[in-house]
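To start, the structure itself, in structure tokens.
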Amino acid sequence: MLRLYNTLSRSIEEFVPLEPGKAGMYCCGPTVYNYAHIGNLRTYVFEDILRRTLRFNGFTPFHVMNITDVGHLESDADEGEDKMEKGARREGLDVWQLARKYEQAWLDDMARLNIERPEVICRATEHVQDMIELVERLLERGYAYAANDAIYFDTSKFSDYAKLARLDLRGLQAGAGGRVQLTGEKRHPNDFALWFTNRPRHIMQWESPWGRGYPGWHIECSAMSMKYLGPTFDIHCGGVDHIPVHHTNEIAQSEGATGQPFVRYWLHGEWLLIGSEKMSKSTENFLTLASLAEKGFDPLAYRYLCLQAHYRSELRFTLDALEAAQNGLRRVYSASPERETLNDPSAFADARAEVLAALNDDLNVPQVVGLLNRYGSHRLWLEFDHVLGLDIAGRTAPDRGELPAEVAALIERRNAARRERNWAESDRLRDELIAMGYEVGDGPTGTTVRKRPV
RNA sequence: GGCGCCGUACCCAAGUGGCUAAGGGAGAGGUCUGCAAAACCUUUAUUCAGCGGUUCGAUUCCGCUCGGCGCCUCCA
């Protein structure tokens, strides 16, 4: 039985899908105006673990993820500058080129982290018509009103508005340093734009029944998730930051349009911290996967680090912690299949059940990893690598390709030196091989050389 | 101003109202080795920020204090 923490109820619930054997999930994807940082990536790793866990439990996931390639204003304030436009100017590209460039960079990062590709990856710019239709329905049903600068969602018409985030709307308005307030032509402070109009300086614009304009930043997720998954679907994921605004607004506009419950299980991933603070683009205290690779780290070492903390806990990232993860992963890869510790079928079955119970307890992957390390069974690691995604089978395969001729020659020279007990020359050649990324070991059965797995 | 989270060994990090407080890394010792590396074995918190309370019993529940942080605004 798979149990998941549902933000909606603030409790752990048994996962029962709408349709037996299936699991529909929608996860908020990247805004493609810059590289993703490893904090963003942590959330995608969590979502990947979730989809793999669903499948491990016999559910067939149908996973939808969006690409936000539509520009949005930096803030609700009228004069905010759009991130896409800002990025395009920075790089001397047009906004469309910029979006494609960072979409590809993001896909590359996902692949390097061994994150499975969702069944649907959808671009906001290719679903503008769906968004327009959704806004029309909201207008028809009286949940939206047209002003000069935008079509707004009327939060006063939606009684459950604060449900997900358990917002204290009155409290929000009382303080917040004046940040929650009436801007533009909104009727209520919490109202939000569904479709912007009369903003001639904005580059990305589309025709609509209300004139040229562009979508508000929440509407794409409602339009695309319901298009591919139906008005009600199983799981919606994202970072914890999305609870109070983005997901709250998604629920309002989706349920307002359909009159049906939107999402059954809401799951949110916690922050990656750096220097005890949230990793964030705006404060520039962030790292990319590429920058870690430059420092010699394997992307899967970062994945392994993520797996050692629970998705609902903040993870304090340091290079030391990453190095510890990489060292630990190296040992997982070098565990010898010949020394299997769980040969007895019933012992294996018991261990498997114990690990699965930990996994199904709201994805307690740190517990899973702990148990796998304790059992030290190669078979059990391989079994759960379907969920962990550490490519253990690939990295431990004995036939990792022929050694390059250059390497083979060095080994031959070293063997000759060793036969002559020329230790100085032998050690020098060994250092050379190590520098080239190989592990060199002299044992009773001779010398073994292999590429370092991590 | 409102809402909320966290504080477990040198580092990262699970966990529980009562069995030895997981696991990984690092450190220390050992086996092996020409020396190493890798691997393997052993070892490292009488204690869970502090102080009170509830309880037969609390690290785990409650309260307070100290310290760190998040959201309410674009944000994974």
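Atom set for the values below is all heavy atoms of this structure, side chains included, hydrogens, waters and symmetry mates excluded.
One N or O donor and one acceptor, one from the side chain of A/D427 and one from the base of B/G34, sit under 3.5 Å apart. With hydrogens and angles left out, the side chain of A/R430 and the base of B/C35 share a donor-acceptor pair within 3.5 Å. Side-chain atoms of A/K278 and base atoms of B/C69 include no donor and acceptor less than 3.5 Å apart.
Residue A/R316 has a polar side-chain atom (N or O) positioned under 4.0 Å from OP1 or OP2 of B/U8. Phosphate contact (OP1/OP2 of B/A39, side-chain N/O of A/S334, threshold under 4.0 Å): present. In terms of phosphate contacts, A/N40 brings a side-chain nitrogen or oxygen within less than 4.0 Å of OP1 or OP2 of B/A76.
Rounded to a whole Å, the CG atom of A/L164 is 13 Å from the C1' atom of B/C3. Atom NE2 of A/H310 and atom P of B/A76 are 21 Å apart (whole Å). Here B/A76 presents its P atom at 14 Å from CD1 of A/I115, a figure rounded to the nearest Å. In this entry the distance linking CH2 of A/W423 with P of B/A37 reads 16 Å, nearest Å.
At the heavy-atom level, A/R330 lies nowhere under 4.0 Å from the strands shown. Among the atoms of the strands shown, only primed sugar atoms or phosphate atoms (P, OP1, OP2) are found under 4.0 Å from some heavy atom of A/G238. Nucleic acid contact for A/R374: sugar-phosphate only, since backbone atoms but no base atoms lie under 4.0 Å from a heavy atom of the residue.
Of the possible donor and acceptor atoms, one in the side chain of A/D344 sits under 3.5 Å from a partner among the backbone N and O of A/A347.
B/C71 is paired with B/G2 under the criterion used here, namely a Watson-Crick or G-U wobble arrangement in which both key atom distances are under 3.5 Å.
Environment of CD in A/E406: sparse, with no more than 12 heavy atoms of neighbouring residues, nucleotides or ligands closer than 6.0 Å.
Residue A/K83 places its side chain closer to B/C74 than to any other of B/A76, B/C74, B/A14. The A/T43 side chain lies nearest to B/A76 when the options are B/A76, B/A14, B/A39.
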